[in-house]
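Worksheet: the structure to be examined is printed underneath.
Order of appearance sets the numbers: ligands from 1, and atoms from 1 within every ligand.
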Amino acid sequence: MSTSRDETPDDRRRRLLLEAEDAPRLSGDAFVRQGRRAFVTGGLTAIGGLLGWRYLATGPQDDRIPALLRDGHRFNERLWRDLHNPDARAREFSRSAATGLRVNGMYGLHPPLDADAWRLHVRDPSGRVLHELTLADVQALPRADMVTEFKCIEGWSEIAHWTGVRFSDFADRFAPSLTGRPYVGLATPDGAYTVGLERAMTRHPQTLLAYALDGVPLTAPHGAPLRLVTTLRYGVKMLKRIGTVQFMDERPTDFWAERGYDWYLGH
Ligand SMILES: Nc1nc2c(c(=O)[nH]1)N[C@H]1C(S)=C(S)[C@@H](COP(=O)(O)O)O[C@H]1N2
Ligand SMILES: [Mo]
């Protein structure tokens, strides 16, 4: 993962995309996934080779990355959707398998956390605030535990034990009339980090609003007081220190998608 000094912004985007495609995976069905991933990466590389990087650099832009790469993301997204049964569950481990989770990514976590003043704002598609919830309000929902593999797109993975509530229970309780909306947007209280999610994955039993990691309340760097955790996406989608949950009709703002990553980011 070398970064040359005279790398242009376009070079950097290409490098990040290719690194993202290459991220190693450690889970049980790693072989199958690697095979599929290699196929997707190979396809992108072949298309790139046919048309030439020059076109990528000078051709039309889409969401601030070359349109051809954006097409690659769309192709990738369709392929992953088709390959994945959305109801399938990721493997769960025993609690003793937890490896400890490193801290990665501090966008939106810099203002010191005032835990007593913190509220979770639940918004409708127009932006109207439906609820300002305390942590106790969230914790009153049925507790959910899972010990699962956490994967960062940078290429590492660790086993973590999460405690929280199912996102679906949260949505059914606090926004029952909005659970059919196609998207959910999450943001830190300061709005510095944002994540866009699709309805289907927010309904999955392994998508949690977590308040504890490895049996203790989340530390600030791990996203206290409440963060998203899901087995369906890479770490980038698991927003820490959630300030707002908004049910939406259009694709929500997404910090890394705006910087050239795939919006979907399934694995
Ligand atoms: N608010 C916020 N949430 C975030 C990030 C971030 O920079 N800010 N980084 C993401 C990324 S890239 C990863 S891999 C995970 C890391 O979570 P951890 O620090 O608990 O291991 O948080 C995700 N959620
Ligand atoms: Mo990450």
Side-chain angles (χ1 to χ4, degrees), residues 1 3 12-13 15-27 37 73 90 93 97-115 118-121 135 138 145-164 167 184-197 201-202 206-246 252-267:
M1 204 187 274
T3 312
R12 182 177 141 74
R13 279 183 211 112
R15 179 173 58 77
L16 289 174
L17 286 165
L18 291 173
E19 281 174 14
E21 298 300 339
D22 282 343
R25 264 148 294 278
L26 304 174
S27 58
R37 184 58 59 130
H73 287 336
F93 300 80
T99 53
L101 183 66
R102 75 190 78 178
V103 168
N104 196 52
M106 295 294 287
Y107 293 101
L109 304 187
H110 292 295
L113 174 71
D114 180 346
W118 176 89
R119 293 289 182 278
L120 181 64
H121 297 85
L135 188 59
V138 176
D145 281 274
M146 66 180 194
V147 184
T148 49
E149 190 180 13
F150 181 105
K151 299 176 193 176
C152 172
I153 205 161
E154 290 166 11
W156 50 269
S157 88
E158 285 162 342
I159 311 282
H161 167 201
W162 301 102
T163 306
F167 194 97
V184 173
L186 305 180
T188 51
D190 64 359
Y193 195 73
T194 53
V195 157
L197 307 170
M201 62 147 299
T202 68
Q206 290 173 314
T207 297
L208 308 185
L209 291 173
Y211 46 78
L213 168 61
D214 294 338
V216 293
L218 290 177
T219 59
H222 279 304
L226 195 68
R227 72 170 300 165
L228 189 84
V229 181
T230 179
T231 56
L232 299 172
R233 297 290 183 273
Y234 283 108
V236 287
K237 291 285 190 183
M238 303 191 213
L239 189 132
K240 301 189 276 192
R241 195 191 287 189
I242 306 174
T244 300
V245 174
Q246 185 175 9
T253 314
D254 187 283
F255 182 88
W256 282 111
E258 287 180 339
R259 284 158 182 79
Y261 274 92
D262 181 4
W263 192 92
Y264 178 65
L265 283 181
H267 59 69

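The residues Lys237 and Asp254 are annotated as salt-bridged, a charged nitrogen and a carboxylate oxygen being separated by less than 4.0 angstrom.
Qualifying ring pair (Phe, Tyr, Trp, His ring centres under 6.0 Å) partners for Phe255, counting only residues two or more places apart in sequence or in other chains: Tyr107, Tyr193. Under the side-chain contact (heavy atoms from CB on, under 4.5 Å) criterion, Thr148 pairs with Glu92, Met146, Trp162, Gln206, Thr231, not counting sequence neighbours.
A donor-acceptor pair shorter than 3.5 Å can be found between the side chains of Ser157 and Glu149.
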Would you mind listing each N/O atom of ligand 1 next to any protein N/O under 3.5 Å, plus the distance?
from: ligand 1; atom 1: 1 (N); to: Tyr107; atom 2: O; distance (Å): 2.8
from: ligand 1; atom 1: 1 (N); to: Lys240; atom 2: O; distance (Å): 3.2
from: ligand 1; atom 1: 3 (N); to: Lys240; atom 2: N; distance (Å): 3.0
from: ligand 1; atom 1: 7 (O); to: Gly105; atom 2: O; distance (Å): 3.4
from: ligand 1; atom 1: 7 (O); to: Met106; atom 2: N; distance (Å): 3.2
from: ligand 1; atom 1: 7 (O); to: Tyr107; atom 2: N; distance (Å): 3.0
from: ligand 1; atom 1: 8 (N); to: Tyr107; atom 2: N; distance (Å): 3.4
from: ligand 1; atom 1: 8 (N); to: Tyr107; atom 2: O; distance (Å): 2.7
from: ligand 1; atom 1: 17 (O); to: Arg227; atom 2: NH2; distance (Å): 3.2
from: ligand 1; atom 1: 19 (O); to: Asn104; atom 2: N; distance (Å): 2.7
from: ligand 1; atom 1: 19 (O); to: Asn104; atom 2: O; distance (Å): 3.4
from: ligand 1; atom 1: 19 (O); to: Lys240; atom 2: NZ; distance (Å): 2.6
from: ligand 1; atom 1: 20 (O); to: His222; atom 2: ND1; distance (Å): 2.6
from: ligand 1; atom 1: 20 (O); to: Arg227; atom 2: NH1; distance (Å): 2.6
from: ligand 1; atom 1: 21 (O); to: Arg102; atom 2: O; distance (Å): 2.5
from: ligand 1; atom 1: 24 (N); to: Met238; atom 2: O; distance (Å): 3.0

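Tested against Lys240 for a side chain to side chain contact (heavy atoms under 4.5 Å, CB included), the candidates Val195, Val103, Leu226 yield a single pass: Val103.
Each side-chain hydrogen bond (donor to acceptor under 3.5 Å, both in side chains) pair with one or both residues in residues 217-227, not counting sequence neighbours, would appear here, but there are none.
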